[in-house]
Amino acid sequence: MPHHALEIVLTRPLTMEELRHVARIWPLAANYDATRLMALMRAKTPDRAAHRLRRRLSTRLPIDVITTHYPDANGQILLNVTFPPATRTALKSAARYAGRTLERFIELALHQALAQHIEQEADRLERSVHRLLAHTTPGQLLSAVGHALTRLPEGPTP
């Protein structure tokens, strides 16, 4: 049975005492501010691994979301989210109305929200470029962007 790398996103940072206590129950690696934890869980599937990990740790940790750390063969990341009963009921009703399973309904809603975010971000960047081009030439802007990119740290900046 394979091991699955899972990331636990917490609703709040853990204290050092909480982290030591839970680490005695299950080996975990914490990020610098103890808001994200990594764990390995043995299970046949990533879904079962996330479910087992949540069952084992949910009474001991303020878990928000559990995700697979690595994408699957299709490039997908599994999200394991627990909703309050009223929210779950409302989502089930909406899914039934849409003729979908709850999981598929949420999956499509997430894909739609991400696509909308990507489109909005592309529009925002295009507007910013047009504002910059109002004060410079395309060649100067391209040169400045290239110069700036060579000096940026890894990853996006806020």
Side-chain angles (χ1 to χ4, degrees), residues 1-128 145 148-158:
M1 204 175 320
H3 284 84
H4 300 277
L6 301 171
E7 184 170 355
I8 304 166
V9 180
L10 303 171
T11 60
R12 64 171 174 77
L14 295 180
T15 65
M16 288 311 287
E17 180 58 34
E18 289 173 314
L19 186 55
R20 274 193 296 274
H21 176 72
V22 78
R24 281 186 230 124
I25 298 161
W26 197 261
L28 299 167
N31 71 336
Y32 73 98
D33 65 355
T35 57
R36 299 166 92 86
L37 306 171
M38 289 295 301
L40 287 176
M41 176 60 77
R42 193 174 172 145
K44 286 184 179 179
T45 66
D47 188 43
R48 285 185 182 176
H51 183 74
R52 284 181 186 162
L53 187 65
R54 182 177 289 277
R55 266 197 338 230
R56 185 160 296 182
L57 298 178
S58 65
T59 59
R60 295 174 174 91
L61 291 174
I63 296 174
D64 189 15
V65 177
I66 297 175
T67 69
T68 49
H69 187 65
Y70 299 106
D72 64 14
N74 298 319
Q76 301 291 308
I77 299 288
L78 174 79
L79 291 177
N80 178 284
V81 181
T82 300
F83 296 108
T87 303
R88 186 171 178 80
T89 301
L91 286 170
K92 277 181 145 179
S93 176
R96 221 178 359 262
Y97 182 76
R100 307 215 186 282
T101 65
L102 176 59
E103 292 78 12
R104 184 69 177 145
F105 180 78
I106 291 172
E107 179 183 357
L108 291 173
L110 282 172
H111 281 279
Q112 183 180 2
L114 287 171
Q116 183 179 6
H117 172 74
I118 289 167
E119 186 177 325
Q120 289 171 346
E121 185 65 7
D123 289 345
R124 183 190 68 79
L125 289 171
E126 185 175 347
R127 287 191 305 275
S128 295
V145 168
L149 288 175
T150 62
R151 285 160 177 69
L152 282 180
E154 290 294 317
T157 55

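FYI, side chains are in, hydrogens and waters are out, and symmetry mates aren't considered; it's all heavy atoms of this structure.
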Taking Asn74 for the side chain and Gln76 for the main chain, is one N or O donor matched with an acceptor at less than 3.5 Å? no
So, His4 side chain and Ala43 main chain: donor-acceptor pair closer than 3.5 Å or not? yes
Minimal non-hydrogen separation, [X] against [Y], with atom names:
X: Leu14; Y: Pro62; answer: CD2-CD, 3.7 Å
X: Pro13; Y: Asp33; answer: CB-O, 3.4 Å
X: Ala34; Y: Leu10; answer: O-CD1, 3.5 Å
X: Leu28; Y: Ala39; answer: CD2-CB, 3.5 Å
X: Val65; Y: Arg54; answer: CA-NH2, 4.0 Å
X: Thr101; Y: Ala95; answer: O-CB, 3.9 Å

Looking at [atom1] of [X] and [atom2] of [Y], how far apart are the two atoms once the value is rounded to the nearest 0.5 Å?
X: Arg36; Y: Glu7; atom1: CZ; atom2: CD; value: 4.0 Å
X: Asn31; Y: Met38; atom1: CG; atom2: CE; value: 10.5 Å
X: Arg24; Y: Leu19; atom1: CZ; atom2: CG; value: 10.5 Å
X: Ile66; Y: Asn80; atom1: CD1; atom2: CG; value: 5.0 Å
X: Thr45; Y: Asp72; atom1: OG1; atom2: CG; value: 11.5 Å
X: Ile8; Y: Leu53; atom1: CD1; atom2: CG; value: 4.5 Å

Does [atom1] in [X] sit with more than 12 non-hydrogen atoms of other residues, nucleotides or ligands closer than 6.0 Å?
X: Gln112; atom1: CD; result: no
X: Arg52; atom1: CZ; result: yes
X: Glu121; atom1: CD; result: yes
X: Phe83; atom1: CZ; result: yes
X: Arg12; atom1: CZ; result: yes

Would you mind reporting whether [Y] and [X] have side-chain heavy atoms less than 4.5 Å apart?
X: Leu91; Y: Ile106; value: yes
X: Leu110; Y: Leu79; value: yes
X: Leu6; Y: Thr67; value: no
X: Met1; Y: Arg48; value: no
X: Arg124; Y: Arg127; value: yes
X: Leu61; Y: Leu37; value: yes

